[in-house]
Undergrad: 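Supplied in structure tokens, the structure appears directly below.
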Amino acid sequence: MAWYDILFFTSKIFRGYVVIGRARPAIKEMWKIASFITMKKIWFQRNRCVYDKDKVNVKVIQDIIVKLTAECEIRMKAHIWNTSYDLQVLNFFGLKCKHIRTSKIHAIFFNLPQMGQILLCCDGASQGNPGAAGYGFIARNSEGECIVSIAGGLGIATNYYVEVLAILCAGERAIHRGYTHLIFTSDSQEVIEAFKSHRILWFSINRWRRICTSVEDLKLCHSYREINFSADTLAKKGSRLRQGE
């Protein structure tokens, strides 16, 4: 039947531009729209070929698909990476340039605390935000030895709540063991800034004051998740535990 020519046409329509592994968000979004339009045209053309004995004009159908895809540009909100591949695809469909996301390389380092200090790497995790949540922290001394690592379940909570609670629990455990020179690290910049400015959640105010008055030296530092991976693993483990476990 003549409409089978359309199936062959779909493998050629984009002139080899479809490379799924390399597709950026804007390109993926555009491929989805183009795919839906192509399937619609295939189905409608098939009906015309079968019932109306219509003949297939591949060039006309290609132009229609490209035109309809370009008309959907206003619905596309994703960004591109400004590579030649992205620009080739956009140019083929006659689309304007999208928002560009650039990559920036950061050099990150893991530093052990000085003699007499304890490094507390803290993190929280919530499966759903809010959802099943847990916290985790790991304490290391100046030689890099693990003093204690704890994962705990918190029931249903938000990411921000569990990030705050992870720091509080880590500080209280360190004080209970007699440590007075503490360094807290977390991958949540927002939580670190909240503790530094003392603009924390109401339930944590008194607990944080007791921690501050019980230590001689206290520092709060932001660290990337790539450095804080041990606490991140503990927090995810804690989110799978029951509340209070």
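Heavy-atom basis, side chains included; hydrogens, waters and symmetry copies ignored.
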Undergrad: For a 4.5 angstrom cut-off between non-hydrogen side-chain atoms, does I192 reach I167?
TA: yes
Undergrad: Quick one: CZ on R225 to CG on D123, what's the gap to the nearest 0.5 Å?
TA: 6.0 Å
Undergrad: Test of understanding: clusters of I, L, V, M, F, W, Y form through side-chain heavy atoms closer than 4.5 Å, transitively. Do I156 and L241 belong to the same one?
TA: no
Undergrad: Looking at K196, I want to see if its NZ is surrounded by more than 12 non-hydrogen atoms of other residues, nucleotides or ligands under 6.0 Å.
TA: yes
Undergrad: Mind telling me whether Y224 and H222 have parallel, tilted or perpendicular rings, with 30° and 60° as the class edges?
TA: perpendicular
Undergrad: Working to the nearest 0.5 Å, report the span between NE2 of H176 and OG of S214.
TA: 13.0 Å
Undergrad: Minimum heavy-atom separation for L234 and F137, please, with both atom names.
TA: CD1-O, 3.5 Å
Undergrad: Using the side chain to side chain contact (heavy atoms under 4.5 Å, CB included) rule, take L68 and K40 through it: C-alpha gap first, then chi angles, then the decisive distance, then the call.
TA: CA-CA 11 Å; L68 293 176; K40 174 186 172 184; 5.6 Å; no
Undergrad: Report yes if the side chains of W208 and L168 come closer than 4.5 Å at any heavy-atom pair, otherwise no.
TA: yes
Undergrad: Between D217 and K219, is there a side-chain heavy-atom distance shorter than 4.5 Å?
TA: yes
Undergrad: Count I, L, V, M, F, W, Y as connected when their side-chain heavy atoms are under 4.5 Å apart, and connections chain through other members. Are V58 and I64 then in the same cluster?
TA: yes
Undergrad: Kindly indicate whether the side chain of L218, heavy atoms from C-beta on, has any atom under 4.5 Å from the side chain of I211.
TA: yes
Undergrad: Supply the atom-to-atom distance R209 CZ to R207 CZ, rounded to the nearest 0.5 angstrom.
TA: 14.5 Å
Undergrad: So which atom in T185 and which in S223 form the shortest heavy-atom distance, rounded to 0.1 Å?
TA: CB-OG, 3.9 Å
Undergrad: I'd like to know if F184 and I205 are part of one continuous hydrophobic network [Ile/Leu/Val/Met/Phe/Trp/Tyr, side-chain heavy atoms within less than 4.5 Å].
TA: yes
Undergrad: What are the two closest non-hydrogen atoms of S230 and I138, and how far apart are they?
TA: CB-CG2, 4.2 Å
Undergrad: Can you find a pair of side-chain heavy atoms, one from E163 and one from Y160, that are under 4.5 Å apart?
TA: no
Undergrad: Give, for atom CZ of F44 and atom CD1 of I61, the distance between the pair rounded to the nearest 0.5 Å.
TA: 12.5 Å
Undergrad: Could you check whether any side-chain N or O of N141 sits under 3.5 Å from a backbone N or O of E143, counting only pairs where one atom can act as donor and the other as acceptor?
TA: yes
Undergrad: Please report the C-alpha distance between F92 and T69 in whole Å, then the side-chain angles of each, then the deciding distance to 0.1 Å, and finally whether the side chain to side chain contact (heavy atoms under 4.5 Å, CB included) criterion is met.
TA: CA-CA 11 Å; F92 175 76; T69 303; over 6 Å; no
Undergrad: With heavy-atom distances below 4.5 Å as the criterion, would you say the side chains of E73 and F93 are in contact?
TA: no
Undergrad: Assess the residue pair I175 and V215 against the criterion (side chain to side chain contact (heavy atoms under 4.5 Å, CB included)); give the C-alpha distance rounded to whole Å, side-chain angles, the decisive distance to 0.1 Å, and a yes or no.
TA: CA-CA 7 Å; I175 292 172; V215 299; 4.0 Å; yes
Undergrad: Please check if I65 and V56 belong to a single hydrophobic cluster, counting links between Ile, Leu, Val, Met, Phe, Trp and Tyr side chain heavy atoms closer than 4.5 Å.
TA: yes
Undergrad: Could you tell me the separation between the NZ atom of K67 and the SG atom of C72, rounded to the nearest 0.5 Å?
TA: 10.5 Å
Undergrad: Any link between Y161 and L220 through a network of hydrophobic side chains (Ile, Leu, Val, Met, Phe, Trp, Tyr) touching at under 4.5 Å?
TA: yes
Undergrad: How long is the span from the NZ atom in K28 to the CD1 atom in I33, to the nearest 0.5 Å?
TA: 15.0 Å
Undergrad: Would you say P130 and T158 make side-chain contact, with heavy atoms under 4.5 Å?
TA: yes
Undergrad: Taking all non-hydrogen atoms of both residues, which atom of P113 and which atom of I183 are closest, and how far apart?
TA: CB-CD1, 4.0 Å
Undergrad: I'd like to know if the side chain of N159 reaches the main chain of S126, judged simply by a donor and an acceptor atom lying under 3.5 Å from each other, with no hydrogens or angles considered.
TA: yes
Undergrad: Are any of the side-chain heavy atoms of I150 and C169 separated by less than 4.5 Å?
TA: no
Undergrad: Show, in sequence, the C-alpha distance, side-chain angles and deciding distance for V60 and Q45, and conclude whether the side chain to side chain contact (heavy atoms under 4.5 Å, CB included) test is met.
TA: CA-CA 11 Å; V60 171; Q45 185 62 42; over 6 Å; no
Undergrad: Count the heavy atoms belonging to other residues, nucleotides or ligands that lie under 6.0 Å from CZ of F36, then report whether that count exceeds 12.
TA: no
Undergrad: Looking only at heavy atoms, what is the nearest atom pair of C122 and N228, with distance?
TA: O-ND2, 2.9 Å
